[in-house]
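Working notes, structure below.
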Number of protein chains: 2
Amino acid sequence: MHMSKSSHTSQAQTIKSLSAIQSEVESINRIALSVDCVIFGFDENKLKVLLIRSDLKKFQGKWSLLGDLVDPREELDEAASRILKQRTGLDDVYMEQVKTFGSLHRHPAGRVVTVVYYSLINIQNHKLKILDNELHWHDVSEIEDLAFDHKQILDCSYEQLQRRVQEHPLAFSLLPKKFSLRELQNVYEAILNIKMDRRNFRKKFFAMDFLVDIDEMEQDVPHRPGKLYNFNYNKYEKKKKKWVGIDF
Amino acid sequence: MHMSKSSHTSQAQTIKSLSAIQSEVESINRIALSVDCVIFGFDENKLKVLLIRSDLKKFQGKWSLLGDLVDPREELDEAASRILKQRTGLDDVYMEQVKTFGSLHRHPAGRVVTVVYYSLINIQNHKLKILDNELHWHDVSEIEDLAFDHKQILDCSYEQLQRRVQEHPLAFSLLPKKFSLRELQNVYEAILNIKMDRRNFRKKFFAMDFLVDIDEMEQDVPHRPGKLYNFNYNKYEKKKKKWVGIDF
DNA sequence: CATTTAATGTGTAAAAATAACACATTATTC
DNA sequence: GAATAATGTGTTATTTTTACACATTAAATG
């Protein structure tokens, strides 16, 4: 940022000392900053999001995203990780900043600007840990209304997920380390809300060569078991787009 | 945001009154919030960005993005518009939020979290207005170093522009209302830093039918003049992607 | 143990999109 | 009026995407 509040109308600028800037920063009203996490999971062939019962009277009965105020001595990413860790017990989760929401009246307690992250976790691993009564996994497709502007935030995050999952191998983060191709396809179908052709899907993924056949089969399925695979992140390298997919 | 700072360790949550939350917001240290604008333009067949000489001693001689602190009573988008208006005299410019940067030590004056926007303007229209000596249009490709973390911010914004311009008709915002197809192609080539085949390019844009032939020709060009077109935003509607372009 | 069930696993051909490529035309400049 | 420097245009080859059907396998059932 170029601090110009006091000088942007005068053509002749002076070089400021750091302390001058500092007092400028001090003197301006600061703003409460929060981080909200849109935590996506995948279960029962559906895309889920982890919500908490709102603790605000105004939104009693409504669900909300998981968030917290950012400590001034804390990185934004760290704040997001902290919230995730507190709620799910998980470190080391795929996470991406989505957008910052700052409408004047989005929070009844006053101006609170919130930086939104989404993260993708494998529900299977963590089912046991989420005992908190106030937390619940909701079907993304069935959410109609949330506290604050959280429905809007969820919609925005979901759209970003839909875009990103088509360009990057994120879907694996929603699955256990070992997964069948059918499970992988289910993830895509759930996120993108479409049906895909099984043969074309398999062809596509085998063509990229980062699926590792681990020579194991599904267990305890009531039908012919499928092969299990790992995703090998090492083999993954972003392809350069040829020229331009102008494709509005 | 779900305010949980004081309660996230206790399983039993209580519904809080608004005033309880308010005091929570009050009591927490707030953070200085700024908006930075990455203002792109197009001139001399090159993608340009508008920079200002840093007014910080620490960064003397370096250039920086245009930004300002956000007033607590001001919307984020409005802050971005305000900065743009102050510097370029322009309202009503294409603008998009990019990302929020909040590294602890990104600003020497203390913690300043900044929400970044990029905008696309048509330089031709505004050349006259930018008289400010401290402002200059730089070739994006030639920028090596900026004040603060602004190089990183610029890189991130530029990458977002490259992605977005392939999926949405943004490029028109960098051109005058009347433009030739060659100019349009030049914009794409500059942004994406590639050469394209003229015939295929034209084919692609005529296939989408939002180019309006206004039956005028270029003037004052030292060669055969090309036809001029308008872009018709009304005719533009985002195509639904068929299924999924899984294309990592 | 034979049958049913519900999935997995596999290849080819048609259609669509993309990429490569050359020459006649036009206004300007000299 | 000759040279210049660009515009404007169509076809073919290649690649990518889509559509589509049947044999196989393990588990469950009676």
Side-chain angles (χ1 to χ4, degrees), chain A residues 44-45 165-167 175-176 178-190 192-209 211-230 238-248, chain B residues 44-46 165-167 169 175-176 178-190 192-209 211-230 238-248:
Chain A
E44 301 166 317
N45 284 349
V165 82
Q166 295 185 50
E167 306 213 316
L175 290 171
K178 303 171 181 183
F179 53 87
S180 69
L181 271 184
R182 160 57 57 184
E183 290 176 296
L184 185 59
Q185 185 172 337
N186 285 343
V187 170
Y188 279 91
E189 293 187 341
L192 296 167
N193 200 30
I194 51 174
K195 286 284 164 204
M196 292 184 241
D197 180 276
R198 189 156 44 100
R199 279 171 292 187
N200 293 337
F201 183 87
R202 299 166 76 88
K203 210 186 305 172
K204 197 140 206 167
F205 275 89
F206 288 135
M208 336 184 204
D209 71 356
L211 286 183
V212 183
D213 182 341
I214 57 173
D215 203 34
E216 289 183 54
M217 307 297 271
E218 286 180 297
Q219 304 286 328
D220 305 316
V221 284
H223 56 268
R224 175 179 176 184
K227 278 185 153 185
L228 293 178
Y229 297 86
N230 283 165
K238 181 92 184 88
K239 239 191 314 177
K240 279 103 199 105
K241 254 197 164 174
K242 5 174 206 281
W243 66 305
V244 47
I246 296 179
D247 188 17
F248 300 158
Chain B
E44 300 166 318
N45 284 348
K46 289 193 187 112
V165 82
Q166 295 184 51
E167 307 213 317
L175 290 172
K178 304 171 180 183
F179 54 86
S180 70
L181 271 183
R182 160 56 57 185
E183 290 175 296
L184 184 59
Q185 185 173 337
N186 285 343
V187 170
Y188 279 91
E189 293 186 343
L192 296 167
N193 201 29
I194 51 175
K195 286 284 164 204
M196 293 185 240
D197 180 275
R198 188 156 45 102
R199 279 171 290 189
N200 293 337
F201 183 87
R202 299 167 74 89
K203 210 185 304 171
K204 196 140 207 167
F205 275 88
F206 287 135
M208 335 183 206
D209 71 339
L211 287 182
V212 183
D213 182 342
I214 57 172
D215 202 34
E216 289 183 53
M217 306 298 270
E218 287 180 297
Q219 304 286 328
D220 305 316
V221 285
H223 56 267
R224 173 177 177 182
K227 279 188 153 183
L228 294 177
Y229 297 86
N230 283 164
K238 179 94 186 88
K239 239 192 315 177
K240 277 104 198 106
K241 253 196 163 173
K242 353 156 220 293
W243 66 304
V244 47
I246 297 179
D247 188 18
F248 300 158

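In what follows, every chain begins at residue 1, and chains take the letters A, B, ... in the order their sequences are listed. These numbers were taken from a predicted model, which means no experiment stands behind them. The basis for the numbers below is simple: all heavy atoms, side chains too, and nothing from hydrogens, waters or symmetry mates.
Residue Arg224(A) has its side chain nearest to dT8(C) when only dT8(C), dA20(C), dT9(D) are considered. The side chain of His223(B) approaches dA6(D) more closely than any other nucleotide in the set dG10(D), dA28(D), dA6(D).
Atoms CD (Glu218(B)) and P (dT7(D)) sit 7 Å apart, rounded to a whole Å. In this structure, CD of Gln219(B) is placed 18 Å from P of dA6(D), rounded to the nearest angstrom. Whole-Å rounding puts the Met217(B) CE to dG8(D) P distance at 6 Å. Residue Asp197(B) contributes atom CG, which lies 15 Å from atom P of dT9(D) at whole-angstrom precision. The CE atom of Met196(A) sits 14 Å away from the C1' atom of dT18(D) (whole-angstrom rounding). For the pair Met208(B) CE and dA17(C) C1', the interatomic distance rounds to 13 Å; values are reported in whole Å. Computed from coordinates, the Phe201(A) CZ to dA19(D) P distance equals 16 Å when rounded to whole Å. What separates CZ of Phe206(B) from P of dT7(D) is a distance of 12 Å, to the nearest Å.
Where Lys203(A) and Arg198(B) meet DNA chain D, the nucleotide closest to each residue was compared, and Arg198(B) sits on the side nearer the 5' end. Along DNA chain D, the nucleotide closest to Pro225(A) and the one closest to Lys227(B) are compared, and the more 5′ of them pairs with Lys227(B).
Note: Phe205(A) and Phe248(B) have perpendicular aromatic rings, judged against thresholds of 30 and 60 degrees for the angle between ring planes.
Considering only heavy atoms from C-beta on, Leu228(B) stays 4.5 Å or farther from Met217(B) through its side chain. For the pair Val165(A)/Val187(A), no side-chain contact is recorded, criterion being any heavy-atom separation below 4.5 Å from C-beta on.
The line from CD of Glu167(B) to CD1 of Ile246(A) is 11.5 Å long, rounded to the nearest 0.5 Å.
Residue Lys204(A) places at least one side-chain N or O under 4.0 Å from the OP1 or OP2 atom of dT17(D).
Below the 3.5 angstrom threshold, one finds no donor paired with an acceptor across the side chain of Arg199(B) and the base of dA19(C).
Residue contacts shown for Arg182(A) are limited to sugar-phosphate atoms, with no base heavy atom under 4.0 Å away.
With respect to Tyr229(B), the side chain to side chain contact (heavy atoms under 4.5 Å, CB included) criterion is satisfied by exactly one of Ile214(B), Leu181(B), Leu175(B), Val212(B): Leu181(B).
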